[in-house]
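First up is the structure itself, then whatever we jot down about it.
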2 protein chains.
Amino acid sequence: MATGTDPSTARSVRSPSVKDVATRAGVSLGTVSNVLNRPDRVSEATRSRVEKAMADLGFVRNESARQLRAGRSSTIAYVMLDASNPFFTDVAQGIEDAAEQADMSLFICNSDNRASREARYLQRLQQQRVTGILITPVDPSHPSLDELSRHGTPVVIVDRVGNTEDHCSVAVDDVLGGRLAIEHLLDLGHERIAFVGGPESIGQVRDRLDGARGALAGTGASLTVVHTSALSVAEGRSAGERIAGLPRSSRPTAAFCANDLLALGLLQQCVGLGIGVPDQLAIVGYDDIDFAAAAAVPLTSVRQPRRDLGRTAAELLLDEATNADHEHQQVLFTPVLVARASTRRT
Amino acid sequence: MATGTDPSTARSVRSPSVKDVATRAGVSLGTVSNVLNRPDRVSEATRSRVEKAMADLGFVRNESARQLRAGRSSTIAYVMLDASNPFFTDVAQGIEDAAEQADMSLFICNSDNRASREARYLQRLQQQRVTGILITPVDPSHPSLDELSRHGTPVVIVDRVGNTEDHCSVAVDDVLGGRLAIEHLLDLGHERIAFVGGPESIGQVRDRLDGARGALAGTGASLTVVHTSALSVAEGRSAGERIAGLPRSSRPTAAFCANDLLALGLLQQCVGLGIGVPDQLAIVGYDDIDFAAAAAVPLTSVRQPRRDLGRTAAELLLDEATNADHEHQQVLFTPVLVARASTRRT
DNA sequence: TTGTACGCGTTATCAA
DNA sequence: TTGATAACGCGTACAA
């Protein structure tokens with residue numbers, strides 16, 4: 001304890017660099033670099049000596065320096081819209097799978113539906129010179145996304161469709177999804193149907209409603225729109241109250257919800273108020289998150305290929321980043337209806 | 001289109017540096033730097049000229065270069081155990097709140113319960129020289145965490161308790177939580193109770209079970225352990241099957257689940273098999289995730305202060321990173337039982 | 001108030 | 001096979 005570096009203060013000491021390793025191993029700096037990047041170009045003996053020095057010193061590469069030198073990082077980022085919606089965490093898993101395969105790090109940010117937070121993250125990511133950005137934007141038509149692309153940072157829009165040709169996008173056909181939901185209900189004989197969703201500023205909500213209306217056209221069945229101010233469980237409960245308040249004779253016999261969170265809230269409220277599901281009210285959700293199948297009355301839902309969505313988006317991004325003759329694509333996946341007890345014929 | 005930079009190829013062009021800005025503004029490099037970091041030291045006129053040049057060129061600071069110069073980044077990371085469990089995304093929100101307040105970026109990684117992925121992330125984060133790491137580890141007693149600390153990267157363990165004094169930790173008193181759950185069931189008159197959970201390699205599971213046993217001691221009530229191989233909805237369903245298979249006379253009248261995912265799966269299975277909740281089986285969950293209250297039979301659950309957990313952990317990390325006389329702490333929060341319909345007396 | 005010069009840690013080029 | 005050196009972009013001390 002009398003001399004040398006005191007272990008207790010070692011924390012604050014600058015971490016060892018290649019230079020330190022070189023000194024310790026008695027070789028030059030370039031050789032250490034070669035051990036790290038072209039191990040074949042260095043003799044067995046020196047290599048093991050260098051490796052021992054690295055281990056002794058606890059050497060860890062400095063990624064900042066690498067990036068500075070290389071001009072680019074090996075990191076991509078996903079700016080997600082709402083971390084508390086399982087749909088998006090599943091998308092993130094798909095992205096992570098692709099990133100891991102390409103040996104890229106994934107940086108996940110949560111904008112939490114706030115434009116200001118989103119903007120802050122985008123700026124930071126640009127400063128970090130990330131290889132590319134995946135994003136489910138608060139506003140897909142905001143010019144900041146195009147600016148990023150023009151600036152040289154590849155951008156892929158996830159689960160939304162941008163308004164320009166500046167970037168790729170990966171989404172699911174929501175018009176078709178709406179159609180599938182309604183056709184299922186029509187098949188079961190329902191004639192008074194509610195659409196639960198909003199706000200209509202969200203593209204998905206509009207598309208799913210359009211699909212629903214399209215499927216209903218000319219069938220004689222009616223559609224009541226029950227408006228919500230967000231796609232959340234709480235709003236689903238509130239919608240349930242309003243539906244329950246209608247006289248039985250004119251009350252819808254089925255409800256199509258713009259997402260599963262709404263559907264779960266609606267289901268909960270119905271059960272609480274003694275409205276049988278599916279007897280008095282059949283319910284169709286959207287997304288088919290895991291909790292949909294796990295509800296006490298398992299939920300019929302329109303499934304989106306969440307993981308594929310993420311994986312494909314990441315692959316497009318990596319292609320754009322590495323492939324010189326990349327061409328932007330707008331990929332559109334097809335949803336599938338999964339029927340469960342909440343719409344079972346009784 | 002005949003001369004100059006073709007916009008279509010501008011993507012691949014190196015982004016402008018402070019040097020480019022200086023040239024364009026007709027000032028020296030140091031002045032540009034001053035505009036960025038000490039705006040007060042530069043005259044109004046030059047400053048606006050420099051700012052205009054930055055805007056014209058679309059200058060964006062290079063964070064790698066800054067970090068290299070500074071030696072440290074302004075980023076912290078949270079390595080989370082399971083992105084598909086809402087409990088952890090809520091914790092992450094708390095962390096994000098604290099990070100935003102301290103003007104730090106948060107890097108979220110998902111180990112997905114896999115030690116290999118966790119190790120990979122830890123290595124990358126260390127290479128990035130992040131300011132600190134928050135982690136809910138796969139194995140809280142793994143030596144790699146201590147190595148990180150010793151290496152100079154502050155580490156805070158979230159929702160687990162480490163086995164050393166090398167870092168702070170923030171957790172919730174799980175023994176107390178288990179006790180609360182059981183006392184609630186005893187108050188309701190239950191005498192045959194099941195504990196649904198596992199594997200016991202998870203500290204939380206052990207603690208909650210210990211708490212449960214402690215509360216039962218000397219009461220005459222019995223505890224049956226229904227083992228699960230993971231804390232997931234699917235495992236909850238499987239547990240439900242096994243409980244339903246017991247003869248009615250010896251079947252437990254109440255179940256305490258090690259987390260809400262299990263409880264939701266159990267609830268679903270019971271309803272599907274015609275076992276009334278809470279009439280034939282009362283259910284208590286753990287975590288009080290949002291979906292617990294939203295279940296068709298709203299779930300009684302032991303609530304943990306998820307956001308506070310995250311916020312406190314981040315604050316401890318930032319303190320360790322910035323405060324020279326930081327002292328490690330093991331913070332323990334107190335859980336609260338939230339009673340709902342799944343244990344209502346009928 | 002503004003400009004010059006150096007160093008952060010790494011990689012790559014070139015010469016030995 | 002190995003070693004010396006320049007360069008990446010930025011921040012800062014110091015000089016003008």
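Computation of the quantities below employed the complete heavy-atom set of this structure, encompassing side-chain atoms and omitting hydrogens, waters and symmetry-equivalent molecules. Protein chains get the first letters and strands the later ones, always in sequence-line order, with residue 1 at the start of each.
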| field | salt bridge (charged side-chain N to carboxylate O under 4.0 Å, His left out) evaluation trace for R129(A) with E63(B) | value | CA-CA 8 Å; R129(A) 302 289 192 271; E63(B) 189 62 24; over 6 Å; no

| Within the side chain of H151(B), is there an N or O that forms a donor-acceptor pair under 3.5 Å with the backbone of G58(A)? | yes

| task | Could you tell me whether the phosphate oxygens of dG3(C), OP1 or OP2, come under 4.0 Å of any side-chain nitrogen or oxygen in T31(B)? | result | yes

| remark: Given protein heavy atoms under 4.0 Å, the one-letter contact record of nucleotides 9-16 of chain D, with B base, S sugar-phosphate only and - none, is simply BBBB----

| request: Report yes or no: does N37(A) contribute a side-chain atom to a donor-acceptor pair with the main-chain N or O of N34(A) at less than 3.5 Å? | output: no

| query | Side chains of V91(B) and Y78(B): does their closest heavy-atom pair fall under 4.5 Å? | reply | yes

| task | Using atom CZ of R72(B) as one end and atom C1' of dG9(C) as the other, report the distance to the nearest whole Å. | result | 15 Å

| said: Does dT1(C) have OP1 or OP2 under 4.0 Å away from a side-chain N or O of T46(B)? | reply: no

| query | For D166(B), does its backbone N or O pair with a side-chain atom of H328(B) as donor and acceptor, under 3.5 Å? | reply | yes

